[in-house]
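Both backbone and side-chain heavy atoms feed into the values below; hydrogens, waters and symmetry mates do not. In this text the structure is predicted, and so the values were computed from the model without any measurement. Index from 1, following the sequence.
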Amino acid sequence: MDFAALMSKEISKAKGDTSKSSDAQKDTKAPAKKYMRRGEVEAARVAAYQEEQDRLQQEREERLANKRKLEDETTEHRLQQEMKKQKFAEASRKRREEEEEREERARRRRLGLPDLPEKSEDVGDNAATDAAEEDIEEDELFERLRELDEPTRLFGENHRSRLRRYRRLVLRAATLKKTTDGPIPTILEPVSGGEMIIPAKIPDEKEGQLFLFRQLGSYFNMVLSEWELALAKRDLSVRQSFQGKQAHNALVQSRESMKPLFRRFEQGDLEKGLLEPIVEIVHKAQQRRYVDANDAYLRVSIGKAAWPIGVTQVGIHARSAREKLNQSEQKAHILSDELTRKYLQSIKRCLSFAQVRWPPEDLLQIMG
């Protein structure tokens with residue numbers, strides 16, 4: 001083996017490893033420095049902190065902007081809702097006022113009272129009308145309101161509103177003067193004692209029926225007045241007792257329950273099925289035949305219809321007698337509605353008081 005060739009080969013291999021190590025050292029010198037100065041570290045920390053603070057400030061401003069935008073949208077939505085509510089309330093108020101005015105005009109037309117003055121739809125016309133009306137001084141207006149037993153001042157009320165309220169009260173007082181005084185105020189003209197005798201049958205003509213309603217209203221008002229007077233004459237100890245308070249409550253309840261009946265009298269639309277027994281009750285009560293009047297009351301309240309108890313169908317064939325169980329003329333009127341039941345019971349209470357106030361000559365006519 002040639003020694004020189006072998007040595008040259010080994011030398012060339014050694015030179016190749018040295019060049020590779022120098023290239024690797026050159027590549028490792030590229031990364032960051034192994035040691036840094038304290039100033040450079042502090043500058044890098046301050047820069048990172050400032051960058052973080054800028055990012056947080058930007059996020060905070062974005063959140064505030066979104067919140068402000070949401071609040072503006074919520075406020076605008078709330079204002080729109082309030083405007084809608086105000087418009088709806090104004091429309092409802094106008095519709096309610098128109099309905100009340102229409103009902104009041106219909107009631108006045110039905111009762112024969114003067115019609116309400118026409119209202120102008122323009123606000124300027126209303127202001128001009130108020131200005132054209134006679135003005136009243138403040139002190140004089142206070143005195144007139146005190147005479148009407150009304151408060152002189154209301155919360156948030158100015159002089160014009162107070163004057164308008166006074167005119168409404170005067171108009172209402174003028175309307176109420178047409179109603180008669182009594183336990184139950186009514187527009188039916190009262191009749192004297194001699195004309196209060198109720199006939200046994202209902203008159204056929206319209207004028208006779210209207211006079212009959214006046215007689216019935218006058219009679220029941222007279223009975224209620226006597227009832228109030230009798231309760232007022234009792235001793236104080238009796239009035240303050242439990243039984244005395246019950247008697248007074250019965251009077252008050254009867255007076256309130258008979259108001260719908262008086263409204264029927266005023267309108268003249270009481271059905272014949274109720275008017276006939278009421279006329280019979282009052283007619284017999286005026287003759288002091290209280291047992292017969294009580295029988296008439298039982299007929300109108302309970303009725304003549306059979307009230308089957310238990311088995312109502314005992315065979316497969318229908319019988320003619322069963323057709324009479326639900327006849328219309330045998331219906332119990334006290335079961336018609338609540339108002340009818342209440343004023344029929346009030347008539348029965350008036351009948352019970354009448355036999356005490358005007359006792360019958362025949363003792364057999366006293367109700368049990």
Report the C-alpha distance between D54 and Q50 in whole Å, list the side-chain angles of each, state the deciding distance to 0.1 Å, and finish with yes or no for side chain to side chain donor-acceptor pair (under 3.5 Å). CA-CA 6 Å; D54 294 341; Q50 188 65 32; 3.3 Å; yes
With side chain to side chain contact (heavy atoms under 4.5 Å, CB included) as the test, would you mind laying out the steps for Q86 and E90 before giving the verdict? CA-CA 6 Å; Q86 290 179 0; E90 185 68 19; over 6 Å; no
Worked check of side chain to side chain contact (heavy atoms under 4.5 Å, CB included) between R164 and R160: CA-CA 6 Å; R164 196 174 297 129; R160 180 176 297 178; 3.3 Å; yes
Side chain to side chain contact (heavy atoms under 4.5 Å, CB included) for R162 and R165? Distances and angles first, verdict last. CA-CA 5 Å; R162 193 176 300 113; R165 177 167 64 92; 4.0 Å; yes
Run the side chain to side chain contact (heavy atoms under 4.5 Å, CB included) test on C350 and M258 for me, step by step, so that the C-alpha distance in whole Å, both residues' side-chain angles and the decisive distance to 0.1 Å come before the verdict. CA-CA 11 Å; C350 291; M258 292 189 72; 4.0 Å; yes
Apply salt bridge (Lys or Arg N to Asp or Glu O under 4.0 Å) to the pair R37 and E40, showing each step before the final yes or no. CA-CA 5 Å; R37 292 185 301 173; E40 295 176 353; 3.5 Å; yes
Where do E276 and K201 land on the salt bridge (Lys or Arg N to Asp or Glu O under 4.0 Å) test, with the steps shown first? CA-CA 7 Å; E276 287 182 350; K201 294 183 179 180; over 6 Å; no
Start with the C-alpha distance between K284 and E280, add both sets of side-chain angles, then the distance that settles salt bridge (Lys or Arg N to Asp or Glu O under 4.0 Å), and finish with yes or no. CA-CA 6 Å; K284 293 181 178 179; E280 183 181 0; 2.8 Å; yes
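Under a 3.5 Å cut-off, the side chain of R214 and the backbone N or O of E189 do form a donor-acceptor pair. Between the E195 side chain and the Q215 main chain, no donor and acceptor come within less than 3.5 Å of each other. Using a distance-only test at 3.5 Å, with no hydrogens or angles considered, no donor-acceptor pair links the side chain of S346 to the main chain of S257. Under the 3.5 Å distance criterion, the side-chain polar atoms of S161 are left unmatched by any main-chain donor or acceptor of E157. A donor-acceptor pair is defined here as one N or O able to donate and one able to accept, closer than 3.5 Å; such a pair exists between the side chain of Y290 and the backbone of A354. Side-chain N or O atoms of Q286 include one that pairs as donor or acceptor with a backbone N or O of I198 at under 3.5 Å. Between the side chain of D235 and the backbone N or O of S237 there is no donor-acceptor pair closer than 3.5 Å.
At a threshold of 4.5 Å between non-hydrogen side-chain atoms, the residues Q246 and F242 count as touching. Residues L351 and I347 fail the side-chain proximity criterion, which asks for heavy atoms closer than 4.5 Å. Between R349 and W227, some side-chain heavy-atom pair lies under the 4.5 Å cut-off. The closest side-chain heavy-atom distance from P183 to E228 is below 4.5 Å. Between M222 and M196, the closest side-chain pair of non-hydrogen atoms falls below 4.5 Å. Considering only heavy atoms from C-beta on, R263 comes within 4.5 Å of T186 through its side chain. Contact annotation: the side chain of Y343 never approaches that of F262 to less than 4.5 Å [non-hydrogen atoms, C-beta and beyond]. Looking at P360 and I366, their side chains come closer than 4.5 Å, going by heavy atoms from C-beta outward.
One distance of note links CD of E59 with CD of E62; it measures 7.0 Å at 0.5 Å rounding. Interatomic distance, N221 CG to L188 CG, rounded to the nearest 0.5 Å: 9.0 Å. Expressed to the nearest 0.5 Å, how far CG of L141 lies from NE2 of H159 amounts to 6.0 Å. Q365 contributes atom CD, which lies 10.0 Å from atom CD of Q287 (distance to the nearest 0.5 angstrom). One finds the CZ atom of R255 at 8.0 Å from the CD1 atom of I184 (value rounded to the nearest 0.5 Å). We find the OH-CG distance between Y297 and L344 to be 6.5 Å, quoted to the nearest 0.5 Å.
A pairwise comparison of heavy atoms in P203 and Q209 identifies O-NE2, 3.2 Å as the closest pair. Shown here for S218 and V191, the closest heavy-atom pair between the two residues is OG-N, 3.1 Å. Across all non-hydrogen atoms, the minimal contact from L270 to R264 is CD1-NH1, 3.8 Å. Shown here for Q355 and S352, the closest heavy-atom pair between the two residues is CG-O, 3.3 Å. Smallest separation of non-hydrogen atoms from V300 and P277: CG2-CG, 3.4 Å. Taking every heavy atom of both residues into account, L212 and P199 meet most closely at CD1-CD, 4.0 Å.
Atom NE2 of H283 sits in a crowded spot, with more than 12 heavy atoms from other residues, nucleotides or ligands closer than 6.0 Å. More than 12 heavy-atom neighbours from other residues, nucleotides or ligands sit within 6.0 angstrom of CG on L154. For E140, the CD atom sits in a packed shell: over 12 heavy atoms of surrounding residues, nucleotides or ligands are nearer than 6.0 Å. Heavy-atom neighbours of D269 CG from other residues, nucleotides or ligands within 6.0 Å: above the threshold of 12. The 12-atom threshold is exceeded at CZ of R93, counting heavy atoms of other residues, nucleotides or ligands nearer than 6.0 Å.
Between the side chains of D72 and T75, no donor-acceptor pair is found at a separation under 3.5 Å. Using modelled atom types, one finds a donor on one side chain and an acceptor on the other under 3.5 Å when comparing E61 with Q57. No side-chain donor-acceptor contact under 3.5 Å links N249 and Q253. In the model, E73 has no side-chain atom that pairs as donor or acceptor with a side-chain atom of H77 under 3.5 Å.
In this structure, E97 does not pair ionically with K94, as no charged nitrogen and carboxylate oxygen lie closer than 4.0 Å. Taking a cutoff of 4.0 Å between a charged side-chain nitrogen and a carboxylate oxygen, E361 and R288 do not qualify as a salt bridge. Between R45 and E42, at least one side-chain N (NZ, or NE/NH1/NH2) sits under 4.0 Å from a carboxylate O, which counts as a salt bridge. Using a 4.0 Å cut-off between charged nitrogen and carboxylate oxygen, E99 and R102 count as a salt-bridge pair. R341 has a carboxylate O that lies under 4.0 Å from a charged side-chain N of E338, or vice versa, which qualifies the two as a salt bridge. Salt bridge status for E143 with R146: present, with a side-chain N to carboxylate O gap under 4.0 Å.
Taken together through direct or relayed side-chain contacts under 4.5 Å among Ile, Leu, Val, Met, Phe, Trp and Tyr, V291 and L298 form parts of separate hydrophobic clusters. Using a 4.5 Å cut-off between side-chain heavy atoms of Ile, Leu, Val, Met, Phe, Trp and Tyr, with links allowed through other members, L261 and L274 fall into the same hydrophobic cluster. V170 and L145 end up in the same hydrophobic cluster when Ile, Leu, Val, Met, Phe, Trp and Tyr side chains are linked at under 4.5 Å.
F353 and W358 have perpendicular rings, their planes meeting at more than 60° on a 0 to 90° scale where under 30° would count as parallel.
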